[in-house]
> 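Input: one structure, supplied below.
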Amino acid sequence: MARILMKGNEAIAEAAIRAGAEGYFCYPITPQSEVAEYLAKRMPEVGGVFLQGESEVAVGNMLFGAASTGKRVFTTSSSPGISLMQEAISYIAGAHLPVVFVNIMRAGPGLGGILPAQSDYFQSVKGGGHGDYRLLVLAPSTVQEAVDLMMLAFDLADKYLNPVMVIGDGLIGQMMEAVEFPDSDPKQNRVNLEERKWAATGAKGRDPVIIKSLFLDPLELEENSLLMDKKYEQMKKEEVRYELYKVSAKNELLVVSYGTVARICQTVIDELESEGVSVGLFRPITLFPFPEKEIYREAKKKNIKTVLTVEMSTGQMVEDVERAIIGAKPVKFFGRTGGIVPNPEEIQGKVLELIGSMKKRSTSSRKRK
Amino acid sequence: MATTAIEKKAPKQKSDVVLHYLRPGKKLPHVWCSGCGIGVVMGTYIRALDKIGWDRDSVSMVSGIGCSSRMPVYMDFHSLHTTHGRALPFATGIKFNRPDMNVVVITGDGDALAIGGNHFIHACRRNINITAILINNNIYGMTGGQGSPTTPGNAFSTTTPYGNSEKHFDPCSLAAAAGATYVARGSVHAVPQLEKLIKAGLEHVGFSLIEVITNCHTYYGRLNHQGDAVSMLRRFKENSVSVAKSKNMTPEELEDKIVLGVIHEVEKTEFCNEYQKVVDSLKRK
């Protein structure tokens with residue numbers, strides 16, 4: 001298919017259709033309402049269901065029910081709306097159901113604002129709901145990647161029978177970029193319900209299925225939690241995704257950043273390169289499983305003096321970066337929040353400040369010798 | 001009653017009344033589209049309140065999220081701008097702790113009836129002395145014209161591009177059935193009547209709902225070919241009937257009609273008073 005110019009929210013919606021999604025439930029919230037408006041038109045065209053619920057609480061639970069039927073279902077929302085879905089997300093994880101959630105993040109806490117942010121990292125990666133569960137979390141940095149990760153999200157949700165969260169900041173939803181969709185019939189990617197033995201598809205010729213997250217017997221509950229944990233361990237082995245940009249033995253500093261901010265960091269890195277300063281970028285694509293070993297591998301290299309994490313928050317992913325590096329190198333942080341997207345100059349300023357202070361430190365330590 | 005407010009100078013002219021209660025320079029200009037009826041409701045509410053003569057410091061205004069919910073921000077009272085759909089629980093928290101305060105909730109059709117539906121029916125049931133003004137424009141305006149629980153069947157919105165497959169709520173019937181003790185419907189085309197209805201609702205002891213029919217020509221009007229603000233108001237005027245007249249009309253005749261006036265009014269014990277009785281009875285022991 002040819003490349004077309006599309007708004008991020010609409011591209012996400014179309015990607016889900018191409019991935020074989022047959023059900024979409026939503027509630028209006030800025031900055032992602034275009035997904036709902038697009039699918040209100042598109043879903044009936046492909047014979048799928050579109051429902052605007054009475055609240056995000058309703059939507060979360062409608063998804064639980066819809067996923068139980070075995071079909072590919074999803075929702076999109078933005079930060080306050082995703083908060084309202086946390087109860088359902090916990091239940092869906094506990095009941096081993098595949099649902100794709102998309103969070104086009106806006107600045108919080110509370111009502112916050114409607115501008116882009118990355119302040120829901122903790123909520124997505126560490127679990128916003130109760131109980132021992134994890135979401136598989138994917139973070140696109142371009143509209144094209146949002147399309148690709150949407151397709152992948154449905155496959156991963158099915159593979160692990162676990163909810164998958166795609167988090168993009170408001171920019172991913174609102175900006176327009178050229179995208180390309182796989183040339184496939186939307187119906188081709190739909191699941192074969194007969195193969196879904198766990199789904200509530202009737203009990204003819206098999207034992208009845210009970211979809212639940214309630215286990216009153218503690219041993220049974222522990223067994224369920226251990227089964228979930230096994231899935232998360234498998235994700236850590238098989239699903240880690242990341243991208244390196246201009247990472248080389250010349251790098252003096254390593255930047256770790258995800259989503260749109262990573263793109264701004266690329267601009268900074270290009271600019272610095274032309275000035276003779278070498279900096280590399282590590283961009284996690286999966287936030288859970290987090291590329292811990294890979295970040296450690298890059299950070300412990302001799303040439304890297306400092307690691308800088310850049311986020312649109314007051315510092316959330318930085319905790320995982322610190323955990324990954326386990327003290328091998330100093331980890332610094334730069335962030336803007338409240339809906340402010342950092343500009344390349346301020347990130348560059350931070351990078352140069354760190355490199356400058358590293359050089360000062362190394363000359364003063366040499367003097368001491 | 002607390003009367004420590006910094007009082008502005010009393011308005012000299014009738015036209016200054018509204019300005020007297022606003023926060024000019026702080027929060028204005030407002031976000032509403034030109035021709036929007038929400039401003040009419042705000043002006044009417046202020047005049048009703050001014051006639052009662054409540055001290056500014058005795059009034060607390062609470063709202064959730066949506067076009068209508070911006071209103072308390074522009075007015076100089078104790079204002080709480082809260083979570084989407086949950087203004088009534090916030091208001092309940094205030095009223096229960098400070099029964100001396102006059103608590104008014106401004107809400108919209110999406111805010112009160114969709115995400116706040118459960119809170120709405122329980123506030124009615126509890127018959128707590130709160131006045132709720134529900135500004136009904138049949139659509140979600142702030143997020144771009146999505147269908148709401150009062151979007152009529154077959155009507156168009158950005159999420160019902162083929163016409164609405166769902167049925168709509170009648171907020172007044174819902175409130176009356178849930179236990180509200182004063183229920184009225186007004187419209188932005190009939191301002192003198194609306195002022196009386198709001199004033200009576202504010203003075204009523206118990207849960208009061210005033211539904212106000214208003215125009216969202218930007219989304220609802222445009223998507224449903226109802227023209228601009230003026231033609232939508234004209235439509236309201238043409239389709240309105242009084243409560244008295246509606247009693248002699250058949251359900252078929254009443255279809256698509258807007259019934260204006262006091263829909264339901266009864267006297268029942270009020271929640272805060274009842275609770276106080278419990279407290280008092282325990283003191284005596």
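So you know, we letter chains A, B, ... as the sequences are listed, proteins then strands, and number each from 1.
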> Let me know if B/Leu113 has heavy atoms under 4.5 Å from chain A in its side chain, its backbone, both or neither.
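For B/Leu113, no heavy atom lies under 4.5 Å from chain A.
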> So which part of A/Pro31 gets closer than 4.5 Å to some heavy atom of chain B, the side chain, the backbone, both or neither?
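No part of A/Pro31 comes within 4.5 Å of chain B.
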> Measuring heavy-atom distances to chain B, does A/Ile29 have an atom under 4.5 Å in its side chain, in its backbone, in both, or in neither?
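Interface part for A/Ile29: backbone (N, CA, C, O).
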> Can you tell which part of A/Phe50 gets under 4.5 Å to a heavy atom of chain B, answering side chain, backbone, both or neither?
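Side chain of A/Phe50 only, per the 4.5 Å heavy-atom cut-off to chain B.
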> More than 12 foreign heavy atoms under 6.0 Å from NZ of A/Lys41: is that the case here?
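Check fails, neighbour count at 12 or below.
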> B/Tyr45 vs B/Val104, test: side-chain contact (heavy atoms from CB on, under 4.5 Å). Steps then yes/no.
CA-CA 10 Å; B/Tyr45 163 73; B/Val104 182; 3.6 Å; yes
> Please test B/Gln146 against B/Thr143 for side chain to side chain donor-acceptor pair (under 3.5 Å), starting from the C-alpha separation and ending with a verdict.
CA-CA 7 Å; B/Gln146 293 84 12; B/Thr143 47; 2.6 Å; yes
> Under a 4.5 Å heavy-atom cutoff, which of A/Pro80, A/Cys26, A/Ser33 has the most pairs with chain B?
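Of A/Pro80, A/Cys26, A/Ser33, A/Ser33 has the most heavy-atom pairs under 4.5 Å with chain B.
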> Tell me, with the steps shown, if A/Phe154 and A/Phe74 meet ring pair (Phe, Tyr, Trp, His ring centres under 6.0 Å).
CA-CA 9 Å; A/Phe154 283 98; A/Phe74 80 114; 5.7 Å; yes
> Tell me, please, whether B/Phe207 has B/Arg126 positioned over its six-membered ring: NZ or CZ under 6.0 Å from the ring centre and within 45 degrees of its axis?
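No - B/Arg126 does not lie over the ring of B/Phe207 by the 6.0 Å and 45° rule.
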